[in-house]
There are 2 protein chains.
Amino acid sequence: MARAATTSDAFNAIAERQRREILVLLQGGERPVAELARGLGMSQPQASKHLRVLREVELVRVRRVGKQRLYGLDARGLRPVHEWLGGFERFWSGSFDRLDEYVQDLKQARREEPSDGDGQ
Amino acid sequence: MARAATTSDAFNAIAERQRREILVLLQGGERPVAELARGLGMSQPQASKHLRVLREVELVRVRRVGKQRLYGLDARGLRPVHEWLGGFERFWSGSFDRLDEYVQDLKQARREEPSDGDGQ
DNA sequence: TTGACACTTTCCGATATAGGCATATGATGT
DNA sequence: ACATCATATGCCTATATCGGAAAGTGTCAA
């Protein structure tokens, strides 16, 4: 097995820096492909490919306007990611750097004691 | 070029589901490798490899205790990721679903009007 | 030293990625 | 129909992944 497809979820899709940059540019509103490509200094085909990935995970939408294709942000797919990260917020927003580790250790010790071997 | 290394950032490191699950388990405190492997139903070598990746991007720390190696969370590396996502918060936390798109369109239109053709 | 335990690393294969370049598709204008 | 502009797709290569199986390192106990 190789790495999970970039199109398998938002996590994988945004792992690529250029894709992230596209999303940031799109915060400013819809943009045609060429403008995105220029703005990020990449070839047009490459931009298209990245946009395809973002489209497949539904982080962007397309709209045809004449010959152009306007890509727009659909950030809803980022919400679960943001929420997942939120679960870690408490670990950097305070005491959790040294002092609390103590408590962790204690909890850890108790966990170890019962020597059950299974739990949930 | 292939995909960026999983060890190149937190973004890439957490793209893998199992790695994310490890981090979640670690929220409950330090854990030895075998327990993580069991908890996630993966082989112990596989767990070790994932932990290596997480260690390289500094999302976890190790500590030896006898024969065991206790892995602990170091969530600070997730903060930039969380912050990056925060930039998109406004796009799902309100009106930005249909109505505001309008405004976007207008801004977009003005952007297009100057009909420059080349920027830099 | 020997053995058992906890973990790490190496070797292997299958897969799919990012990017370059060429080409195909599709809409517009004449 | 044809040329042109704006995008998309196909083909190619190098690379690195995840996973399994096996072998290596390091610690403790007798």
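Each chain gets a letter, A, B and so on, in the order its sequence line appears, and its residues count up from 1.
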Are the side chain of A/Asn12 and the backbone N or O of B/Ala15 linked by a donor-acceptor pair below 3.5 Å?
yes
Ordered by number, residues from residues 15-24 of chain B within less than 4.0 Å of DNA chain D (heavy atoms) are B/Glu16, B/Gln18, B/Arg19
Taken in chain and number order and not counting sequence neighbours, the residues that satisfy side-chain contact (heavy atoms from CB on, under 4.5 Å) with A/Arg55 are A/Arg52, A/Val60, A/Val62, A/Tyr71
**Study point:** B/Arg64 vs D/dG26: side-chain N/O to OP1/OP2 distance below 4.0 Å
**Key:** no
In whole angstroms, the gap separating C1' of C/dA6 from CG of B/Leu36 amounts to 13 Å
Inset, instruction - Check for a donor-acceptor pair, side chain of A/Arg19 on one end and backbone N or O of A/Ala13 on the other, with a separation under 3.5 Å. - result: yes
B/Glu58 meets the side-chain hydrogen bond (donor to acceptor under 3.5 Å, both in side chains) criterion, sequence neighbours left out, with none
Contacts of A/Arg3 meeting salt bridge (charged side-chain N to carboxylate O under 4.0 Å, His left out) (sequence neighbours excluded), chain-then-number -> none
Protein heavy-atom contacts under 4.0 Å, written 5' to 3' over nucleotides 6-12 of chain D as B (base), S (sugar-phosphate only) or - (none), form the string SBBBBB-
A/Ala5 meets the side-chain contact (heavy atoms from CB on, under 4.5 Å) criterion, sequence neighbours left out, with A/Thr7, A/Ser8
Sequence neighbours excluded, the answer for side-chain hydrogen bond (donor to acceptor under 3.5 Å, both in side chains) partners of B/Arg79 is B/Glu83
side-chain contact (heavy atoms from CB on, under 4.5 Å) filter on B/Gln18, not counting sequence neighbours, yields B/Glu16, B/Glu21, B/Met42, B/His50
Residues in residues 1-8 of chain A with a heavy atom under 4.0 Å of DNA chain D, by number, are A/Met1, A/Ala2, A/Arg3
Minimum side-chain heavy-atom gap B/Val57-B/Asp9 below 4.5 Å:
no
Whole-Å distance, B/His50 NE2 to C/dC7 P, equals 16 Å
_Validation row: A/Leu36, A/Leu26 side chains within 4.5 angstrom (heavy atoms)_ = yes
Hits for ring pair (Phe, Tyr, Trp, His ring centres under 6.0 Å) against B/Phe88, two or more places apart or cross-chain, chain-then-number order -> B/Trp84
Atom CZ of B/Arg63 and atom C1' of D/dT27 are separated, to the nearest Å, by 16 Å
Separation of C/dA18 atom P from A/Glu56 atom CD, nearest Å, is 12 Å
